[in-house]
Amino acid sequence: MAAAVAQREPVDLLFDYERRLVAAGTRLPAQQEVRDRWSGIGFRIGDQRFVASMDEVREVLDPPVCTRVPGTSPWFLGVANIRGNLVSVMDLHGFMAGGRSPQGRHARVLMYQREGVAAAFRVDDVLGLQRFYMEEQTTLSLDAGVLTPYLNGGFRRNNEEWPVLSLADFVASKDFLEISR
């Protein structure tokens with residue numbers, strides 16, 4: 001039998017497989033409804049949950065060792081060598097509260113890198129990949145203080161609000177560029 005199969009042309013084999021599948025009545029699975037989804041990295045600053053677009057978060061890291069830069073705002077943690085690149089590290093909790101955030105063992109850094117700009121944002125905790133259906137998208141009335149201008153809508157799921165923090169908007173802002181005291 002194997003010798004007979006080996007002597008047949010590949011196209012003939014494909015036609016034979018197709019003929020047997022049709023004869024067996026194999027059908028495609030039932031068409032399922034496809035719902036658009038949005039995905040982002042969830043994180044916490046203080047008691048507030050946020051989510052950042054997957055397009056904006058290159059990776060999630062443990063907080064790096066930073067070298068302080070004199071004369072900068074307390075929320076600017078300094079520069080760190082991340083994979084051979086010097087990257088500015090911001091403390092988002094400190095930026096919101098106007099100081100430095102408490103050191104916590106759950107703290108992580110969201111690495112942003114786009115269009116030649118690399119920056120790292122320290123958050124209090126990372127809540128993992130969050131997926132939302134587009135019908136869960138909503139406008140929020142949340143007041144996130146100094147981060148409010150960088151919120152780009154949000155999602156509501158199970159009575160929980162997930163504001164979308166645009167790291168790209170923050171990096172392009174005057175707040176990001178003026179780190180001196």
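Small disclaimer: the values here were computed from a predicted structure and weren't measured.
- Under the 4.5 Å side-chain criterion, counting only non-hydrogen atoms from C-beta, V60 is not in contact with M111.
- For F50 and W162, the gap between ring centers reaches or exceeds 6.0 Å.
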Report the C-alpha distance between L77 and R122 in whole Å, list the side-chain angles of each, state the deciding distance to 0.1 Å, and finish with yes or no for side chain to side chain contact (heavy atoms under 4.5 Å, CB included).
-> CA-CA 9 Å; L77 299 176; R122 184 185 182 280; 3.6 Å; yes

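- Side-chain heavy atoms closer than 4.5 Å link hydrophobic residues (I, L, V, M, F, W, Y) into clusters, and following such links, even through other members, never connects F15 to Y17.
- Put simply, F132 and F43 are part of two different groups of oily side chains (I, L, V, M, F, W, Y) that touch within less than 4.5 Å, one to the next.
- Here the CG atom belonging to N85 is positioned 6.5 Å from the CD atom belonging to Q113, to the nearest 0.5 angstrom.
- Using a cut-off of 4.0 Å between Lys/Arg side-chain N and Asp/Glu carboxylate O, R49 and E161 are scored as not salt-bridged.
- Of all non-hydrogen atoms in G78 and V69, the two that sit nearest each other are CA-CG2, 4.4 Å.
- I41 and M134 are not part of a single hydrophobic cluster, where members link through side-chain heavy atoms under 4.5 Å apart.
- Side-chain contact between L151 and V164 is absent, with no heavy atoms from C-beta onward closer than 4.5 Å.
- A distance of 9.5 Å separates CH2 in W38 from CE in M54, rounded to the nearest 0.5 Å.
- There is a side-chain donor-acceptor pair under 3.5 Å between Q130 and R157.
- Scanning both residues, G46 and H93, for their nearest heavy atoms gives N-ND1, 3.4 Å.
- A 4.5 Å side-chain heavy-atom check between D175 and F95 finds at least one atom pair inside the cut-off.
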Exercise for the section: Dump the intermediate steps for side chain to side chain contact (heavy atoms under 4.5 Å, CB included) on L147 and I45, then the final yes or no. Expected result: CA-CA 11 Å; L147 288 179; I45 301 172; 4.0 Å; yes

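- Residues E178 and S73 have side chains not in contact (no heavy-atom distance under 4.5 Å, counting atoms from C-beta outward).
- H106 is not listed as a side-chain neighbour of D124, based on a closest heavy-atom distance of 4.5 Å or more.
- Cluster annotation: Y133 and L127 are assigned to distinct hydrophobic clusters (Ile/Leu/Val/Met/Phe/Trp/Tyr, side-chain heavy-atom contacts under 4.5 Å, transitive).
- Heavy-atom contacts from other residues, nucleotides or ligands closer than 6.0 Å to CZ of R114 number more than 12.
- E135 CD: more than 12 foreign heavy atoms inside a 6.0 Å radius.
- The side-chain heavy atoms of D91 and V123, taken from C-beta on, include no pair separated by under 4.5 Å.
- Residues A120 and V109 approach most closely at CB-CG1, 3.2 Å, considering heavy atoms.
- Taking the six-membered ring wherever Trp is involved, the centroid distance between the rings of F170 and Y112 does not fall below 6.0 Å.
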Item to complete: Begin from the C-alpha positions of L61 and I82 and carry the test side chain to side chain contact (heavy atoms under 4.5 Å, CB included) through to its verdict.
Response: CA-CA 9 Å; L61 305 167; I82 299 177; 3.7 Å; yes

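- Hydrophobic cluster membership is shared by L92 and L177, with clusters built from Ile, Leu, Val, Met, Phe, Trp and Tyr side chains linked at under 4.5 angstrom.
- The CG atom of D143 sits 10.0 Å away from atom CD of Q48, with the distance rounded to the nearest 0.5 Å.
- For R37, the CZ atom is densely surrounded, since the number of other residues' heavy atoms within 6.0 Å is greater than 12.
- Within the 4.5 Å cutoff, side-chain heavy atoms of L129 are placed close to those of S39.
- Ion pairing between R131 and E136 fails under the 4.0 Å rule for side-chain N and carboxylate O.
- Rounded to the nearest 0.5 Å, atoms CZ (R58) and CG (L167) are 14.5 Å apart.
- Of the inter-residue distances, the one linking N152 atom CG with L165 atom CG reads 9.5 Å to the nearest 0.5 angstrom.
- We find the CZ-CE distance between F121 and M90 to be 6.0 Å, quoted to the nearest 0.5 Å.
- By the 4.0 Å N-to-carboxylate-O rule, D125 lies too far from R108 to be salt-bridged with it.
- You'll find the side chain of V89 stays beyond 4.5 Å of the side chain of F76, heavy atoms only.
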